[in-house]
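Working notes, structure below.
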Amino acid sequence: MTSYTRAEIATRSGVSAAQIERLVELGVLQPTNSHFTAGDARRASTAHMLELAGIPLEVLSAALADGSFSLAFLDHEMYSRLPTYVGRTFAQVSAGTGIPLALLVALREAIGSPTPSPDDPMREDEMEVVPFIELQVTAGFDPAAIERLLRVEGDSLRRIAEVEADWYGSQVSHPSMERGEDLTAVGTGELSTRLETEGTRALMAILRAHQGRAWGATILDEAEFTMSRAGLHDPQERHPAMCFLDITGYTRLTQERGDAAAAELAERLSRLVIRSSLNHGGKAVKWLGDGVMFHFPDPGLGVAAALQMVAGVAEAGLPPAHVGLHAGSVVFQEGDYFGQTVNVASRLAEYARPGEVVVSQAVVNATVEPAALGVAFVEIGPVELKGVSGVMHLYVARPAAPA
């Protein structure tokens with residue numbers, strides 16, 4: 001087992017030497033012959049976190065002394081992911097690698113921490129990302145693209161980590177503590193260890209599955225571009241459809257029934273619409289206050305999915321949904337879609353009445369063999385929409401009558 005001096009443990013834990021001394025005096029840290037362990041670094045940073053949260057160190061010391069609380073579980077390798085620091089600052093790492101300081105700052109922010117100063121020390125987990133950033137910088141990648149990737153990965157993984165912590169607390173640690181079990185045994189027991197191992201494996205498998213889908217789309221785009229440039233293939237321009245689904249009276253419902261009802265409604269809606277969108281080749285892009293935004297590479301399939309969603313919402317006893325779809329070019333950035341197509345689709349959803357799916361002429365034109373999709377269009381006529389210049393020809397999409 002690696003041992004550390006008092007100065008090294010202060011560096012690794014991100015606290016001052018004086019704070020380390022105080023933790024030793026209070027018995028929070030109990031070094032052997034003035035040597036500390038990696039677990040001591042985690043205990044020091046955890047004690048500092050607890051103190052900042054309003055738990056005095058004297059109270060922590062008393063709880064450790066009488067056995068009502070323990071930090072012994074931090075010796076377990078599982079908790080090596082808790083932050084420890086290296087003896088190099090952001091400015092020093094930037095100077096030594098050639099990585100712009102702004103990118104290293106973006107890395108700290110992407111992990112969910114406050115903006116650092118150039119003289120702040122970097123963490124060990126951040127240093128593991130540095131070679132990846134350095135490789136991109138050396139290869140001449142656009143710094144803006146590098147930063148976008150860091151921020152989107154950081155935000156997405158932050159949400160996963162927070163939900164995972166809530167899941168573990170509600171299913172493992174809180175029930176165990178209510179039964180009076182020792183926290184150290186719970187945190188390092190066989191179940192916790194297996195959950196950590198299998199959970200990490202599952203997370204990576206799901207990531208690879210998403211990568212396979214996204215990379216497949218990239219391969220298709222590259223193949224079409226290369227063959228078109230060689231004169232071997234002339235692909236027709238394919239514009240996706242953007243779709244907005246809103247729930248009628250969602251705000252009023254949540255105000256009447258409270259936050260718990262809003263969360264339950266969101267969960268039920270999520271299961272229903274995600275299944276419908278995926279089954280029709282689409283994806284949910286983001287959740288809004290009272291609905292969802294979707295992207296469908298095939299507008300016709302987007303219409304079929306929207307009709308299925310509206311019917312499913314009604315069958316589930318939820319407030320009626322209204323949907324708008326428009327097809328056209330979009331700009332993809334940081335996991336989201338932007339542009340006039342998105343704006344028009346949102347306006348169409350606002351125009352639609354409860355239970356309606358309203359689509360533009362562009363969607364009708366892009367829908368090949370609507371009858372085969374079980375879709376029919378009924379013309380509304382020319383309509384002026386708020387915030388959209390000119391007149392648009394709109395249609396209501398309905399299930400096609402049986403042949």
Side-chain angles (χ1 to χ4, degrees), residues 1-85 111-114 121 123-125 157-200 259-260 263:
M1 178 183 296
T2 305
S3 62
Y4 302 92
T5 65
R6 195 171 299 249
E8 290 172 334
I9 213 67
T11 297
R12 289 180 61 83
S13 62
V15 303
S16 67
Q19 287 176 299
I20 295 296
E21 186 67 32
R22 186 178 177 210
L23 291 172
V24 171
E25 292 174 355
L26 290 171
V28 176
L29 300 181
Q30 299 179 1
T32 302
N33 297 324
S34 296
H35 285 278
F36 299 81
T37 66
D40 287 324
R42 296 192 280 270
R43 271 184 283 277
S45 59
T46 299
H48 183 55
M49 175 194 70
L50 295 175
E51 184 179 30
L52 292 176
I55 300 178
L57 292 180
E58 290 78 9
V59 173
L60 174 61
S61 174
L64 295 175
D66 67 15
S68 59
F69 186 68
S70 174
L71 292 176
F73 61 91
L74 293 174
D75 286 319
H76 198 281
E77 181 64 23
M78 180 190 305
Y79 292 92
S80 62
R81 64 196 62 199
L82 294 179
T84 52
Y85 295 83
I111 294 175
S113 298
R123 301 190 328 209
E124 284 189 331
D125 50 13
L157 293 172
R158 171 191 58 77
R159 295 177 61 193
I160 292 173
E162 289 174 351
V163 172
E164 179 187 59
D166 179 73
W167 158 81
Y168 183 83
S170 66
Q171 302 303 306
V172 180
S173 59
H174 293 168
S176 297
M177 287 187 289
E178 289 175 356
R179 293 192 296 266
E181 297 177 9
D182 180 71
L183 183 61
T184 300
V186 173
T188 60
E190 180 183 0
L191 176 60
S192 294
T193 301
R194 291 187 61 191
L195 285 173
E196 193 274 336
T197 300
E198 298 301 331
T200 299
D259 294 340

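Keep in mind the model is a prediction, meaning the values are calculated, not measured. Side-chain atoms are counted along with the backbone in the values below, which use heavy atoms only and exclude waters and symmetry mates.
To the nearest 0.5 angstrom, Tyr168 atom OH is 7.0 Å from Leu195 atom CG. Rounding to the nearest 0.5 Å places OG of Ser13 at 11.5 Å from CD of Glu8. If you take CG on Asp125 and CD1 on Ile111, they are separated by 5.0 Å, rounding to the nearest 0.5 Å. The NE2 atom of His35 lies 12.0 Å from the CG atom of Asp40; values are rounded to the nearest 0.5 Å.
When side chains are defined from C-beta on, Thr37 counts as touching Arg43, because their heavy atoms get closer than 4.5 Å. Side-chain atoms of Val24 and Phe36, non-hydrogen and from C-beta on, do get closer than 4.5 Å to each other. Between Pro121 and Thr11, every side-chain heavy-atom pair lies at or beyond the 4.5 Å cut-off. No side-chain heavy atom of Thr46 sits less than 4.5 Å from a side-chain heavy atom of Tyr79. For the pair Gln19 and Arg22, the minimum side-chain heavy-atom distance is 4.5 Å or more. At a threshold of 4.5 Å between non-hydrogen side-chain atoms, the residues Ser113 and Arg123 count as touching.
Using modelled atom types, no side-chain atom of Arg42 and backbone atom of Leu82 make a donor-acceptor pair closer than 3.5 Å. Side chain of Asp166 to backbone of Val163: no donor-acceptor contact under 3.5 angstrom is found. In this structure, Arg12 contributes its side chain and Ala41 its backbone to no donor-acceptor pair below 3.5 Å. Side chain of Ser61 to backbone of Leu26: a donor-acceptor contact under 3.5 angstrom is found. Proximity of a side-chain donor or acceptor of Glu162 to a complementary backbone N or O of Arg159 within less than 3.5 Å is not detected. Between the side chain of Asp66 and the backbone N or O of Ser68, at least one donor-acceptor pair lies under 3.5 Å.
With sequence neighbours left out, Glu198 forms a side chain to side chain donor-acceptor pair (under 3.5 Å) with Arg201.
When Leu23, Leu50, Val28 are each tested for a side-chain contact (heavy atoms from CB on, under 4.5 Å) with Leu57, only one passes: Leu23.
Between Leu60 and Ile55 the shortest heavy-atom distance is N-CG2, 4.5 Å. In plain terms, the two heavy atoms of Ser170 and Pro175 that are nearest each other are O-CG, 3.3 Å. Nearest heavy atom pair, residue Leu64 against residue Ser70, reads CD2-CA, 3.7 Å.
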